[in-house]
**Student:** 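Quick one: this structure, given as structure tokens, is what I'll be asking you about.
Every value quoted in this text rests on a predicted model; they were computed, and no experiment measured them. Ligands are counted one by one from 1 in listed order, and the atoms in each one are counted from 1 as well. Numbering of residues begins at 1 and proceeds along the displayed sequence.
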Amino acid sequence: MSDLSPQDRLKLAVAQAAIDYIKPKLEPDTIVGIGTGSTAAFFIDLLAPLKGLFDGTVASSEASAEQLKGHGISVYDLNAVDNVAVYVDGADETNAQLELIKGGGAALTREKIITAVADEFVCIADESKWVDTLGAFPLPVEVIPMARAHVARELVKLGGDPVYRDGVVTDNGNHILDVHGLHIHNPKSLERAINGIVGVVTNGLFADRPADVLLLGTENGVKTFTARA
Ligand SMILES: O=C(CO)[C@H](O)[C@H](O)COP(=O)(O)O
């Protein structure tokens with residue numbers, strides 16, 4: 001691990017902190033939700049030695065499912081499980097309310113679905129993801145392919161500058177528009193407004209259902225934040 005970049009060291013540290021956080025909660029029937037991205041990938045590797053302590057997982061992407069299966073960890077279809085005890089995933093941005101921008105890895109829709117099911121959402125992120133105002137990271141929007149131009153025009157009306165993520169097809173067979181130029185002062189209302197555009201599958205704002213816990217990797221150690229009621 002000595003060849004890790006400084007940022008990857010922080011990602012590894014928060015992945016380990018998430019393991020420490022969930023380990024006491026694991027029971028033989030526990031289903032763990034697994035996110036997508038490089039921070040989630042560290043978490044999956046660290047979860048592997050614990051696979052005898054819980055039932056299995058649901059994954060927010062084919063890539064994470066493959067990594068889990070490579071470790072011999074069971075991956076269930078979300079429809080086959082009654083409950084997801086905890087969902088662990090990274091983020092592209094977080095604010096102090098634990099409202100997030102996600103979807104840099106194009107997995108936002110499955111991430112949001114598992115978030116909706118999970119009893120608890122633990123976000124793991126390095127300190128570069130912390131912002132005062134969401135929107136410096138372009139907001140990903142998953143769209144039905146035939147609606148892409150229509151959705152783009154509607155996003156311009158909302159003040160954004162949508163850019164087609166050329167060549168990317170999501171695990172659901174859809175396209176991604178990355179919306180630049182947003183300064184998101186009311187994440188909940190923008191999340192709902194964008195989701196109201198016909199042809200949008202979902203957008204990468206996680207504000208209606210923010211994280212419950214944020215483990216933030218900093219040069220001074222991992223800091224824990226919890227959502228205020
Ligand atoms: O939302 C995501 C994927 O759709 C990721 O959680 C987000 O992009 C962060 O990725 P990383 O951990 O590689 O920085």
**Student:** So, using side chain to side chain donor-acceptor pair (under 3.5 Å) as the criterion, who are the partners of N186 when residues are at least two apart?
**Tutor:** none

**Student:** To which of R110, E111, K102 does the heavy atom nearest atom 4 (O) of ligand 1 belong?
**Tutor:** E111

**Student:** Could you tell me whether A106 approaches ligand 1 through its side chain, its backbone, both or neither, with non-hydrogen atoms closer than 4.0 Å?
**Tutor:** backbone

**Student:** With a 4.0 Å cut-off on N to O distance, would you call K112 and E142 a salt bridge?
**Tutor:** no

**Student:** Can you list the ligand 1 atoms lying under 4.0 Å from a non-hydrogen atom of D89?
**Tutor:** 6 (O)

**Student:** Below a 4.0 angstrom heavy-atom separation, can you tell me which part of S61, side chain or backbone, both or neither, approaches ligand 1?
**Tutor:** neither

**Student:** Of all the atoms in ligand 1, which lie at a distance below 4.0 Å from a heavy atom belonging to G37?
**Tutor:** 13 (O)

**Student:** Does a donor on one side chain and an acceptor on the other come within less than 3.5 Å for S128 and Q7?
**Tutor:** yes

**Student:** Suppose I only count heavy atoms of A107 and a 4.0 Å limit; which atoms of ligand 1 are within that range?
**Tutor:** 4 (O)

**Student:** Closest non-hydrogen protein atom to atom 14 (O) of ligand 1, residue and atom name please, with distance?
**Tutor:** K129 NZ, 2.7 Å

**Student:** Is it the case that Y21 and Q16 place a side-chain donor and acceptor less than 3.5 Å from each other?
**Tutor:** no

**Student:** Short list, please: which atoms of ligand 1 are under 4.0 Å from a heavy atom of G104?
**Tutor:** 1 (O), 4 (O), 8 (O)

**Student:** Tell me the nearest of I176, T36, D92 to atom 5 (C) of ligand 1, using heavy-atom distances.
**Tutor:** T36

**Student:** Among all protein non-hydrogen atoms, which one is nearest to atom 11 (P) of ligand 1, and what is the separation to 0.1 Å?
**Tutor:** S38 OG, 3.3 Å

**Student:** Do G103 and ligand 1 have an N or O pair less than 3.5 Å apart?
**Tutor:** yes

**Student:** On the ring face of F206, is K102 found with NZ or CZ under 6.0 Å from the centre and within 45° of the axis?
**Tutor:** yes

**Student:** Would you say that more than 12 heavy atoms from the other residues, nucleotides or ligands in this model lie under 6.0 Å from the CG of D132, or not?
**Tutor:** no

**Student:** List ligand 1 atoms under 4.0 Å from A91, heavy atoms only on the residue side.
**Tutor:** 6 (O), 7 (C), 9 (C)

**Student:** For ligand 1, which atoms sit closer than 4.0 Å to a heavy atom of G90?
**Tutor:** 6 (O)

**Student:** Going by side chain to side chain contact (heavy atoms under 4.5 Å, CB included), L139 matches just one of I194, D178, D92. Which one?
**Tutor:** I194

**Student:** With sequence neighbours excluded, give me every ring-ring contact (aromatic ring centres under 6.0 Å, His included) pair touching residues 67-98.
**Tutor:** Y87-F121

